[in-house]
Amino acid sequence: MTGRPQLIILDPDGPLAALLAEPAAVNRWLVRRPRAADAALGYARDGRPTVLLARVDPAADDAPAAGLIADVHRSHPDVAVVAVSDAKLADADRAAWTATLMDLGARYVLFPPVAPPVLAELVTGLMTATVRRVTGKDPEPPDEVIDLAEEGHED
Amino acid sequence: MAVPPKGRPAGSAGFTWRSFFHQTTTPVFVLGKGRRVRYANPAWEALTGTPLDDALGLVCSARRHSTPLAKALAPTPEALAGRPDKARRPAPPLKAGPPWWDVTFLPLAGADGLYGIVGSIAAVGERVLAAERNIPAGVMAARDRHAGHFTFDLLTGSAVAAERFVGQVRLAAETSAPVWLVGEPGSGKETTARVIHHAGGRRERMLVAVDCGGLTPGLVESLVWGVGGLAGSDRVGTVYLKDPGALPRDAQAQLLDWLTDESAPRLICGSVRAAAEEADAGRLRPEFHAALSVLELRVPPLRERASDLPRLITHLLERNGGPTAIDPAAVGVLAVQPWLGNLRELAAVLAEAATAAGAGPVLRDHLPHDLRVRAGLAKPPPEPSLKLDPALEALEKRLIRAALARTGGNATKAADLLGVWRPRLLRRMEALGLASGGREPPDSTTDQGAHAPRSP
């Protein structure tokens, strides 16, 4: 089962969804905003080409997002995961966190400052690669380019 | 005939295996066929802190109630099947490493089955002070659990192609040479890279996977050489480059400079083409090919592992967390598919079937229609309609939705974009069943935390 690409944002009450609203609308991504890690894992299970954005809090001892990243990577390896943190860390700490999160399966780790255009470019690039990998085809063109051959099968 | 003394088999010409093992500084232990400890040498006693008398008879299994020591010494399924094997286990009493124990199992098998297993232990694991200081224990434990998932068991199979491949992967894990994995899409190249990393000497450091085709060159550059980037980190053990030919040649040259340095991480590349083909096609710098594709391993496609299909199906169903039982008739349908998308396609099909099956076993009817058509069990769907009106309506809907999305739901601005008057737009929206008030039907889901739907 595929369908529209899906962007899962685990950032309860955070700004990530707003930062990605425009590329999500233009590319017709299905945006999911779970409030808990297990709900995010449920969305990842549904077989669509998926990018997961998870906010990680390095100050939290249990770091549920870290467990989610590992679970998603193990169970759904085609889901591209981006870890985002607000924490301003020293270089050594940032390097250690980057390496740890990547070892857990994150494709990219972002620390402040996160520029919205970079975030949009990153997620769009990962989504394009994920769609290509999962469906074997390039993503559907954005809405302003209408592929007549596809019409009649979508709605 | 004289009975030889205990521990000295007839015809052993004075050789006493116990004293032989007693002298070595390598921790050695012997398990009987019931997986009970029958012998351990002083080096083993020193490493484990357990006197032999206390350990004798200990059943070494990975059951939930087993002690950490029993779990660490538990033979792998491969060893129990009579094949030598190696496993990495957290050093008891820890439940997660580092430090780790590399336990080597040498089964003693005869024509009538397994007699016992000789094991030896190598303690490994550098202390990662930076990580211990900076990363919470819970996250490091998650990292260790995740690493423990990527073992040779993931790749093992009875098919000839799988056996040959696992042998090559074991060899790759024993070296630190750059590896080029070539395989069809979905055949498991990244998983193989992780198995090599976690079985190799750099396992205590991190594996970083870079999707070269999915990131712009600028982002790859920032990831590797940016502030706090990977090139400046001493924590990276292996870099996995997915489709390195997608990188611009300048970036390839930069990577070459970094990864050929003596202290650099190990490189593993994954591609659908051989490195030489990539170089011939001009996608890969010749020097990149020469320096960084020393070992080239071909990951077998799923169709060459047909005899492993039942085992792979069980594994993928377990991984999915849904039902794990599957009707043999359904396995029969899966067995006749060409699997051009390999394991990735099989995993997607099983996930969909498991969703359809709910809590029960996966039956033939739960499999996608096109698979059943290919197996001759269902009729192909009718050709898509060529009726003009529904197609034009769908096109109109998409254009209106796109205009509304771009204008944030403002019907006046959307009408302007579409080149029509606002009243006409509203009339068309009503006729097409689009939400009124200039707002598109909701496209996003905000979950309140409890449950996510299994399917949209």
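A, B, ... follow the sequence lines: proteins, then strands. Residue 1 opens every chain. Values below: all heavy atoms of this structure, side chains included; hydrogens, waters and symmetry mates excluded. Worth saying up front: this structure is predicted, and the values here are computed from it rather than measured.
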*Asks:* If you count heavy-atom pairs under 4.5 Å between each of A:Glu22, A:Met127, A:His73 and chain B, which one has the most?
*Replies:* A:His73

*Asks:* Could you report the tightest heavy-atom contact between A:Ala25 and B:Ala405, atom names first, then the distance?
*Replies:* CB-CB, 4.0 Å

*Asks:* Can you name the nearest heavy-atom pair linking A:Asp103 to B:Leu207, along with the distance?
*Replies:* OD1-N, 2.7 Å

*Asks:* Roughly how far apart are A:Asp78 CG and B:Arg344 CZ, rounded to 0.5 Å?
*Replies:* 4.0 Å

*Asks:* Can you tell whether the side chains of B:Glu190 and A:Arg107 come within less than 4.0 Å, N to carboxylate O?
*Replies:* yes

*Asks:* Specify the closest pair of heavy atoms between A:Arg132 and B:Gly213, including all atoms of both residues, with the distance to one decimal.
*Replies:* NH1-O, 4.4 Å

*Asks:* Enumerate by number any residue of residues 13-21 of chain A whose heavy atoms lie under 4.5 Å from heavy atoms of chain B; in the absence of such residues, state 'none'.
*Replies:* none

*Asks:* Minimum heavy-atom separation for A:Leu104 and B:His146, please, with both atom names.
*Replies:* O-NE2, 3.2 Å

*Asks:* Are B:Arg406 and A:Val26 side-chain neighbours, meaning at least one heavy-atom pair lies under 4.5 Å?
*Replies:* no

*Asks:* For the interface with chain A, which of B:Lys387, B:Lys242, B:Glu345, B:Glu318 has the highest count of heavy-atom pairs at distances below 4.5 Å?
*Replies:* B:Lys242

*Asks:* Under 3.5 Å, is there a donor-acceptor pair between the side chain of A:Tyr108 and the main chain of B:Leu219?
*Replies:* yes

*Asks:* Could you have a look at A:Ala70, A:Pro12, A:Ala129 and say which one has the most heavy-atom pairs with chain B under 4.5 angstrom?
*Replies:* A:Ala70

*Asks:* What part of A:Ser75 gets closer than 4.5 Å to chain B, counting heavy atoms only: side chain, backbone, both or neither?
*Replies:* both

*Asks:* Using non-hydrogen atoms only, which part of B:Ser222 is less than 4.5 Å away from chain A: side chain, backbone, both, or neither?
*Replies:* both

*Asks:* Provide the closest heavy-atom pair for B:Arg194 versus A:Met102 in the form atom of the first, atom of the second, distance.
*Replies:* NH2-O, 4.0 Å

